[in-house]
Amino acid sequence: MTDKPEKLIDKKGLRLDGRKPDELRPIKIEVGVISNADGSAYIEQGKNKVLAGVYGPREVHPKHLALPDRMVLKCRYHMAPFSVQERKSPAPSRREIELSKVIRESLEPAIFVEYYPRTMVDIFVEVLQADGGTRCASITAAALALADAGIPMRDIVVACAAGKAGDTIVLDLMDEEDKYGTADVPVALMPNLNAVTLLQMDGILSYDEFESAVNLAIEGCKKIYTMQKEAIRRKYASAKEEGEE
Amino acid sequence: MTDKPEKLIDKKGLRLDGRKPDELRPIKIEVGVISNADGSAYIEQGKNKVLAGVYGPREVHPKHLALPDRMVLKCRYHMAPFSVQERKSPAPSRREIELSKVIRESLEPAIFVEYYPRTMVDIFVEVLQADGGTRCASITAAALALADAGIPMRDIVVACAAGKAGDTIVLDLMDEEDKYGTADVPVALMPNLNAVTLLQMDGILSYDEFESAVNLAIEGCKKIYTMQKEAIRRKYASAKEEGEE
Amino acid sequence: MTDKPEKLIDKKGLRLDGRKPDELRPIKIEVGVISNADGSAYIEQGKNKVLAGVYGPREVHPKHLALPDRMVLKCRYHMAPFSVQERKSPAPSRREIELSKVIRESLEPAIFVEYYPRTMVDIFVEVLQADGGTRCASITAAALALADAGIPMRDIVVACAAGKAGDTIVLDLMDEEDKYGTADVPVALMPNLNAVTLLQMDGILSYDEFESAVNLAIEGCKKIYTMQKEAIRRKYASAKEEGEE
Amino acid sequence: MAAVITKVKQKEIAQLIEKGKRLDGRGLTDFREIKIEQGVIERAEGSARVRLGRTDVLVGTKIEFGEPFPDTPTEGVLTVNAELVPLASPVFEAGPPDENSIELARIVDRGIRESKAIDTEKLCIEPGKKVIVVFVDVYVLNHDGNLIDASALAAMGALLNTKVPNYEVEDGEVKIKSGHTQLPIKRNPVTVTFAKIGGKLVVDPWLEEEQVMDARLSIAIDDDGNICAIQKGGNGYFEPQMILEAAKIAKDKAKEIRKKLGW
Amino acid sequence: MAAVITKVKQKEIAQLIEKGKRLDGRGLTDFREIKIEQGVIERAEGSARVRLGRTDVLVGTKIEFGEPFPDTPTEGVLTVNAELVPLASPVFEAGPPDENSIELARIVDRGIRESKAIDTEKLCIEPGKKVIVVFVDVYVLNHDGNLIDASALAAMGALLNTKVPNYEVEDGEVKIKSGHTQLPIKRNPVTVTFAKIGGKLVVDPWLEEEQVMDARLSIAIDDDGNICAIQKGGNGYFEPQMILEAAKIAKDKAKEIRKKLGW
Amino acid sequence: MAAVITKVKQKEIAQLIEKGKRLDGRGLTDFREIKIEQGVIERAEGSARVRLGRTDVLVGTKIEFGEPFPDTPTEGVLTVNAELVPLASPVFEAGPPDENSIELARIVDRGIRESKAIDTEKLCIEPGKKVIVVFVDVYVLNHDGNLIDASALAAMGALLNTKVPNYEVEDGEVKIKSGHTQLPIKRNPVTVTFAKIGGKLVVDPWLEEEQVMDARLSIAIDDDGNICAIQKGGNGYFEPQMILEAAKIAKDKAKEIRKKLGW
């Protein structure tokens, strides 16, 4: 177990892991990692390791849930029992059920749900290791899995949190900053549409601090967005290569 | 927590709350209290506070449970977690499941179930505060909610318990009499048809005592029946008033 | 609770209950014991007491599980709460769920499932008392219940375990041999087809020991098979007698 | 999935009862033949199997050591559970207990509890901390009507047959010793169930009668002929006079059964 | 089963809002009438019933003594639960909590927790071993929109009204004594919920507005006007500017409500 | 919802196997390529990811301190759980473990337990009171056939990689100290699974072979070549001779794999 650190920001203004306030954790993204899924993506963000897979559009099950004018979007955010310090029971916790809902509602605005009436799209997110900010990493990965599955979308949704550690507004909170910091503001964005699709907050912020945090989170989202597009490009490049061989 | 009282009946023959053996607790009834429900009623009987709502006749869900020649009647008796001394888990207890059944079976004899084939009527009873005799208060309120919803009935069902406290047959047992008394006999009645639709008993009674208790409970039912009809009249009067304004 | 015995095999080569290594426990079989079931059988094997009942072929429920070209076979192995030393919760344990699967898969090879498409056959096994080897006793009884229900089969499946107690390969392990022995090898057989439909093993055996155990178990199966056929004959004889009276 | 009874048969049953007769030849207040076998499950601390005609109920008891309820710190704990296993009837389904099995368990429980059949004070080991817990598991093996009376009889049969292992308390922990004593039983309640069919009461309804009955009434009677538990069931009603009549008959039938069983 | 709103009405609502008006006559940032009754459930340690127009929420609190969480050994425990009982709306179903009731409970919980409304340090009896546990049960009685604000208000109303029984610790066990003290409350957060309809923000949406809204935004504000919890809901989005606008309005509305309630 | 395999392909697979060949070019007793990565989840006390062709299984272990089972008071506790998450296959569904995931967990458990892979006596802290509990969570990430062998390998890989935190016992409570020791492992069982297709045995069936197989046989072999666990699965049968043949092949294949992995 990690003990409470003395300070979250040192004299030089740097964070526990040496980052500057507006610096992201190292991020690694890969698209197309689960052969059975119609689309999939994997992200490492700091020590977070998150896998997202998409199945669909497919038949709605059970049938009476089908909608005549749009697809049904389902989402399941789930943590592996070994992803956290204390073993997590495999049964969905209240937190997981809430996050499944907010993640779904952060992705749905991007999807042309009316293109595939009477179908269902399932988004499955598996957190293999958690390090603060799993909901944002999950959204970033799930949006890529949707793109990989060829689901028609207005934009690729991307997510990142900002918050307050000590007296400083910081980007992309890691576990200790999440636990011992003053506030956490996860934001999901469709960058091309300047549209916020997820916004939550925990902690205490003045209006001005909140404004700074939202703006910083949006900047973070835009940086990760570039990596998302790069990851898609790599996937298609390698697919093309394989095709040409 | 209430400790066991020394005596349930004092020298003057009066009960812990000063009532005479054949006296009801104070009762307050209101009809039409939940705007979303098709019918509803609220009852206070002593410290009991019970809300009943009826939805229907409506489509049967799931469909295969529909009956070709009659309506399906469902009933759920449920206690709020804060309604009792020790917090009650929201999951239905075995007691709540049994009471849901006996309450349903006490109301069903009154309903012309054959008038609405292939439909369902849902009765929801919420005990907000419990003080002994919640099943009877629930039946009294639920019957009014059914009437308020316009469900065709042979009579308004009404319920009241009698029992034995110390050596005395008493009417309308409150919590302490229920717990420390000798016997409890809840009865539901259709007064106009002289038909008993609920009868249970806990405790020990000779045949003669049992006969007295049943007769006393029936007397209690008849008194509450008057209050039920008065409550319906008030509801319609006020509805008419509103209509005339 | 039984304590661990000093030795499972005594100087004379006999077992705790006086049996020789290749000797079965006393077995009593009865066919047609549950009047409501379409087929049923009861077996006592040592202190095991197991009841099996079959319902079907009947309508598949829920309907969408029906198969166009074959029947659906379901199986539920269940232990009564009082069947074991420590009271067993009535909710199905992981062990019971696994055994339900392996028992079903041990019976299915015998059934002409294609004879009754769009139907379902339910096999219910209730262990009333457990004494080691309940899965084998369950299969032996369930196969008879299927026969009693008139389900068309290639052969009557029969099951028996062999294993290793001390240094000896023994037949039909009882509770203590199961717990304190070295290995347990339950086998189910269709004797006429020389086909093994269940095989499991727990413990440690060399290849040669394993070969001996499988062969011994098959011998045991064949002996019980004779008793199964005898039990069916008795049932039909008594049914005929009743018919003639 | 329920075995449906034809309108014709329904009418036939009601008409016979009108004349004081029943399809299986019994009189209106006759029980079917009662067979009871005690001690059939050696692994259980107590057990009894009751056959009421073709209705077949097995009850096993288990003894554990546990904590008393906070409001009865000096009394042992009784827990009654009933399972309507799908083996026993085409209308029973596997899964968690439904309203029918819960009602059955609670009726059996009340008959035992309210009559004070078990001397629960004698089951206290250390007040507020350690008591004997008695599990009564009702297991229905074949359902041919009137599960209530069969289950109540089998439960009492099993309790009368229950052995409590000897024990000693050491450092607050219960250690089992060899030998055992009988579970202390004070009363032998008997439950009598009526069906109301076509305005008449019949005792011990079998399955076809249950399928046509208007309502059901179960009355538990203790050794002194007092009433100790009642449950009305079903979608019909009873006139008050009929209830009193049933209470009288129940008293007689319970006495008869208790005598027959030597309780 | 959900009450469906016609396309016509949907258009009508949006067009009115476009003009700064609402179907029920309110201005875009007006709350419906707020009625609060405290202490309505005597059996509960605290209770409050809030009516927001026809939306009706009852909250009861219960006090228990239990163990602290390992990571906060010197703090009492807060547990918030919400039930959307089927009595309250034709779209609610009986059964275990679904995503809507869980989200509601967690939003109410965060408003209380993050604002440090309860002085949890004062609820510690013995560090790491015994603390006071506060159960907050949100019970929705009628759903006519904006359950979040009504529930958050009722929860705070119940907490402000909660009495902790006096107790003493003897041999590590808590014994209740007569009398009680008030639950220590430090802050009074107020939550303000917005619906985005046709590009505009409206405060305190009622049911028909919720049925046509694009998205929802709930902002909890503490006594100093700081933001202490936010939750976006629904299948639409917000432009960043709109979020900041909502945060400003929420600050004003929370102040207004707090003043009105005398908090 | 299951990916259905055409009758044509089914025939093709069987005919090839008849000739000793397989669709993916392997010989009948060849495993697919095995890749194992250990220590991939730093938060877990141990972990390993095994890829068997495109089948992908991640196992993590967690260490807790708890009570031993009453019948093995001096031994640590092993708990194996398997999740077939819906991410891994269109035929897996979210929800409580079904018969397939339970069977998988129990087969993996038996391989470890019966071979005495873990030195459970060394996991005892205080007999009858405190022992080390090892949780093995099997997490299937992609299902392309033969989950049993992949899971069994990943489970052993994770156990071999598991670190037990240092601790000391103070007043009956376990306190974690810095540093750790390796989990004591005595044996390295390897499980080999066969499919029976058209009367022939094939090793390590992939998904399409599983879809056409008659029956399945899994045999766990310990370091000395002894058999320590077997499970037959599927709706078909095996001739006794075929079982003995499989046992022999399993012994060889297990040795081969153990050598390859350096176990």
Side-chain angles (χ1 to χ4, degrees), chain A residues 1-4 70 73 75-76 85-86 92-102 104-111 113 154-155 157 179-180 182-190 193-215 217-218 221, chain E residues 1 69-72 79-82 96-107 109-111 113-116 187 189 196 214-252:
Chain A
M1 253 162 284
T2 52
D3 287 326
K4 184 171 173 172
R70 47 161 295 179
L73 188 67
C75 177
R76 181 180 184 252
Q85 199 60 43
E86 298 260 318
S93 65
R94 291 162 57 96
R95 181 181 165 277
E96 282 169 298
I97 292 171
E98 186 204 345
L99 289 195
S100 296
K101 181 178 191 289
V102 298
R104 188 188 72 228
E105 291 177 342
S106 77
L107 295 166
E108 187 148 347
I111 300 174
V113 291
R154 293 176 175 82
D155 198 359
V157 180
K179 262 190 208 139
Y180 306 112
T182 313
D184 182 27
V185 186
V187 171
L189 189 74
M190 292 191 280
L193 299 165
N194 195 32
V196 172
T197 63
L198 170 94
L199 177 68
Q200 294 187 296
M201 199 200 101
D202 273 9
I204 293 186
L205 290 181
S206 71
Y207 174 83
D208 291 342
E209 289 168 336
F210 173 65
E211 186 172 1
S212 304
V214 168
N215 288 334
I218 288 175
C221 285
Chain E
M1 213 178 303
F69 287 112
D71 51 344
T72 51
T79 299
V80 179
N81 180 59
D98 66 358
E99 61 171 32
N100 294 309
S101 66
I102 287 172
E103 188 191 30
L104 176 59
R106 288 177 61 86
I107 295 173
D109 181 290
R110 279 202 287 266
R113 191 180 301 276
E114 299 298 332
S115 68
K116 302 184 195 313
R187 315 292 282 169
K196 182 188 167 196
D214 295 318
R216 191 193 70 207
L217 192 65
S218 301
I219 304 178
I221 303 286
D222 74 8
D223 308 51
D224 298 327
N226 290 319
I227 303 165
C228 52
I230 297 182
Q231 182 93 342
K232 178 256 172 182
N235 293 331
Y237 58 86
F238 291 94
E239 291 79 17
Q241 209 42 50
M242 209 171 212
I243 290 167
L244 299 176
E245 186 196 333
K248 273 187 192 147
I249 298 171
K251 199 171 158 176
D252 294 342

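Naming: A, B, ... by sequence-line order, numbering from 1 per chain.
Remark: A:Tyr207 OH to E:Leu244 CG distance equals 4.0 Å, nearest 0.5 Å. Atoms NZ and CG, on A:Lys101 and E:Asp98 in that order, are 9.5 Å from each other to the nearest 0.5 Å. Rounding to the nearest 0.5 Å gives a distance of 10.5 Å between OG1 of A:Thr182 and CD of E:Glu114. In this structure, CD on A:Glu211 lies 7.0 Å from CD on E:Gln241, to the nearest 0.5 angstrom. Here the straight-line distance linking atom CD of A:Gln200 with atom CZ of E:Arg106 works out to 8.5 Å at 0.5 Å rounding.
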Go through the steps for A:Glu209 and E:Asn226 under the test side chain to side chain contact (heavy atoms under 4.5 Å, CB included), then give the verdict.
-> CA-CA 10 Å; A:Glu209 289 168 336; E:Asn226 290 319; 5.7 Å; no

E:Glu103 and A:Val102: side chain to side chain contact (heavy atoms under 4.5 Å, CB included), yes or no, with the steps?
-> CA-CA 9 Å; E:Glu103 188 191 30; A:Val102 298; 4.1 Å; yes

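Interface remark: A:Ile111 contributes no atoms to any contact with chain E (heavy atom separation under 4.5 Å). Using a 4.5 Å cut-off between heavy atoms, E:Asp222 contacts chain A through its side chain alone, with no backbone atom that close. Both the backbone and the side chain of A:Ile204 come within contact range of chain E, each with at least one heavy atom under 4.5 Å from a heavy atom of that chain. For a residue to count as touching a neighbouring chain, one of its non-hydrogen atoms must lie under 4.5 Å from one of that chain's; by this rule E:Lys248 touches chain A with backbone and side chain alike. For E:Ile221, no part lies under 4.5 angstrom from a heavy atom of chain A.
If you tally non-hydrogen atom pairs under 4.5 Å between each of E:Ser218, E:Ala229, E:Cys228 and chain A, the highest count goes to E:Cys228. Ranked by heavy-atom pairs shorter than 4.5 Å toward chain A, the options E:Ile102, E:Ile243, E:Asn235 are led by E:Asn235. Of the listed residues A:Arg104, A:Arg95, A:Glu108, A:Glu105, the one with more heavy-atom pairs under 4.5 angstrom with chain E than any other is A:Glu105.
Paired with E:Ile230 under the rule side-chain contact (heavy atoms from CB on, under 4.5 Å), one option of A:Val214, A:Leu199, A:Leu205, A:Asp202 passes, and it is A:Leu199.
For E:Lys251, the NZ atom is loosely surrounded, since the number of other residues' heavy atoms within 6.0 Å does not exceed 12.
Residue E:Ile227 comes nearest to A:Met201 through the heavy atom pair O-CE, 3.2 Å, listed as atom of the first residue, atom of the second, then distance. Closest approach of E:Gly236 and A:Pro109 over heavy atoms only: O-CG, 3.4 Å.
Side chain of E:Lys232 to backbone of A:Thr197: a donor-acceptor contact under 3.5 angstrom is found.
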